[in-house]
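All remarks here apply to the structure that follows.
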Amino acid sequence: MKLSRVLVAVAAVAALGLAGCAKQAAAKDDTVKVGILQLINQTGLDDARKGFTQELARQGYKGSKIKIDYVNANGDQANLSTMAQRLAKDDNDVNLAIATPAAQAMQKADAKTPLVFTAVTDPVAAGVVKSMSHTRTNATGVVDLVNIAKQVKYMHRVFPKAKTIGMVYNASEQNSIVQIKDAKKACKQLGLKVVTRTVSSTNDVEQATLSVARASDAIYLPTDNTMAAAMSTVGKVSKQTKVPVVAGAGTMVEAGGVVTQGINYKDLGVQTAKLAIKILKGKKVSGLPVETPAKVTVIKNEKMMQLFGLSDADVE
């Protein structure tokens, strides 16, 4: 009798243990795994990541419901490759790539796990997708490309006396090459002369910007990651030479430019998160076309506007 009671007790404890394991397994199964690969620390990319994670949390993906593995390559291509390979081994439910080189590295390392990208200018030219409407790869996302011709026309309207436009960019960034090509074309149509300089790292920005400022009446910067990371330096040169800077992104303007018709990167991240959530809920990547920014607004740097004698009426 005593033995039977002992056996019953042991069985009960075992059952409770199994139930506890089952609950833990269920909880683990409910946890969404997200990998994030970011190219470099710069305000626009940081804001895109914040918008992405905040929207996930707002939609209920927080606490024990989500596990995020975030890595930052600090602008180093070798780091990108190594970190992308690491995320590829994590068996994530979805990966996020922030900026074009990160998207290229992530897809090269893992062509199967659903990939969403943000702050990518031309994913077709970068080889990340086959087309914007039918990606035909494991990737989709939200581009940060606004209408370059409209931005150049806007710059021409705000600074009508500027006849020579300077441009500085990193020639190793595919996204910048695409934008500069469009900007040059737009300038030619407006009868404007173009002067360009290239940089390979943020260490080159001050000298290149100073050189182009001395040869131009205004500077146009694309959404180039290297230039974005050094906008405080660009702003310093702009003040020193009294040459205004119109940049492709709002965060670049806030950090040293004057004004632009551009995008808010936090909004871009939120928009990208909504795509990721669709994937997490079972939607196939193949059914999700690449999206363009939902809204473009006038973004101003009040202090720089005062320096160049501009009022709100001049830039709206």
Side-chain angles (χ1 to χ4, degrees), residues 32-57 61-62 66-110 113-121 123 126 128 138-139 141-144 169-170 172-176 199-205 222-234 247-252 254-256 263-273 275-276:
V32 166
K33 295 176 66 180
V34 178
I36 299 178
L37 177 61
Q38 183 171 323
L39 171 64
I40 193 173
N41 281 320
Q42 58 108 318
T43 307
L45 304 189
D46 291 340
D47 282 355
R49 187 186 75 252
K50 290 174 185 175
F52 180 84
T53 55
Q54 287 173 7
E55 180 62 16
L56 285 179
Y61 295 92
K62 54 186 176 181
I66 190 169
K67 179 181 178 182
I68 295 177
D69 188 358
Y70 163 63
V71 288
N72 190 313
N74 293 314
D76 187 284
Q77 191 64 44
N79 284 346
L80 274 179
S81 179
T82 301
M83 291 173 174
Q85 290 171 21
R86 172 186 140 186
L87 292 179
K89 296 175 182 177
D90 282 351
D91 192 29
N92 292 322
D93 295 290
V94 64
N95 288 316
L96 167 68
I98 307 176
T100 301
Q104 291 172 315
M106 195 66 248
Q107 193 180 54
K108 183 178 180 180
D110 185 352
T113 302
L115 172 66
V116 291
F117 54 77
T118 194
V120 169
T121 300
V128 180
N138 65 318
V142 184
V143 298
D144 62 357
Y169 66 104
N170 188 333
S172 67
E173 292 189 29
Q174 178 64 36
N175 50 301
S176 299
V199 297
S200 58
S201 74
T202 54
N203 295 328
D204 306 328
V205 170
T223 53
D224 180 282
N225 293 296
T226 304
M227 298 306 296
M231 278 306 296
S232 59
T233 299
V234 172
T251 49
M252 296 173 73
E254 292 164 357
I263 56 176
N264 180 300
Y265 273 86
K266 197 167 186 179
D267 290 341
L268 207 70
V270 169
Q271 193 175 341
T272 308
L275 278 176

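All values reported here derive from a predicted model rather than from experimental measurement.
For the side chain to side chain donor-acceptor pair (under 3.5 Å) test, residues two or more places apart in sequence or in another chain that qualify with T226 are N170, E173. Remark: A73 engages N79, L80, M83 in a side-chain contact (heavy atoms from CB on, under 4.5 Å) (not counting sequence neighbours). Considering only residues two or more places apart in sequence or on other chains, D90 meets the salt bridge (Lys or Arg N to Asp or Glu O under 4.0 Å) condition with none of them. Shown here are the salt bridge (Lys or Arg N to Asp or Glu O under 4.0 Å) partners of E55, two or more places apart in sequence or in another chain: R58. Residues passing the side-chain contact (heavy atoms from CB on, under 4.5 Å) test with A228 are Q42, M252, sequence neighbours excluded. Legend: residues meeting side chain to side chain donor-acceptor pair (under 3.5 Å) with T100, ordered by chain and number and at least two apart, are absent. Legend: residues meeting salt bridge (Lys or Arg N to Asp or Glu O under 4.0 Å) with D110, ordered by chain and number and at least two apart, are absent. Under the side-chain contact (heavy atoms from CB on, under 4.5 Å) criterion, S81 pairs with Q85, sequence neighbours left out. Applying the side chain to side chain donor-acceptor pair (under 3.5 Å) rule to D76 yields no partners; only residues at least two apart in sequence or on another chain are considered. Applying the side chain to side chain donor-acceptor pair (under 3.5 Å) test to N74 and every residue at least two apart in sequence or in another chain returns nothing. Residues satisfying the salt bridge (Lys or Arg N to Asp or Glu O under 4.0 Å) test with D47, not counting sequence neighbours, are none.
Counting only distance, with no hydrogens or angles, the side chain of N175 and the backbone of T223 share a donor-acceptor pair below 3.5 Å.
Between L39 and A102 the shortest heavy-atom distance is N-CB, 4.2 Å.
The side chain to side chain contact (heavy atoms under 4.5 Å, CB included) with T272 is formed by just one residue from the set D267, L96, I98; it is L96.
Residue pairs meeting the salt bridge (Lys or Arg N to Asp or Glu O under 4.0 Å) criterion with at least one member in residues 35-45: none, sequence neighbours excluded.
For K67, the NZ atom sits in a loose shell: 12 or fewer heavy atoms of surrounding residues, nucleotides or ligands are nearer than 6.0 Å.
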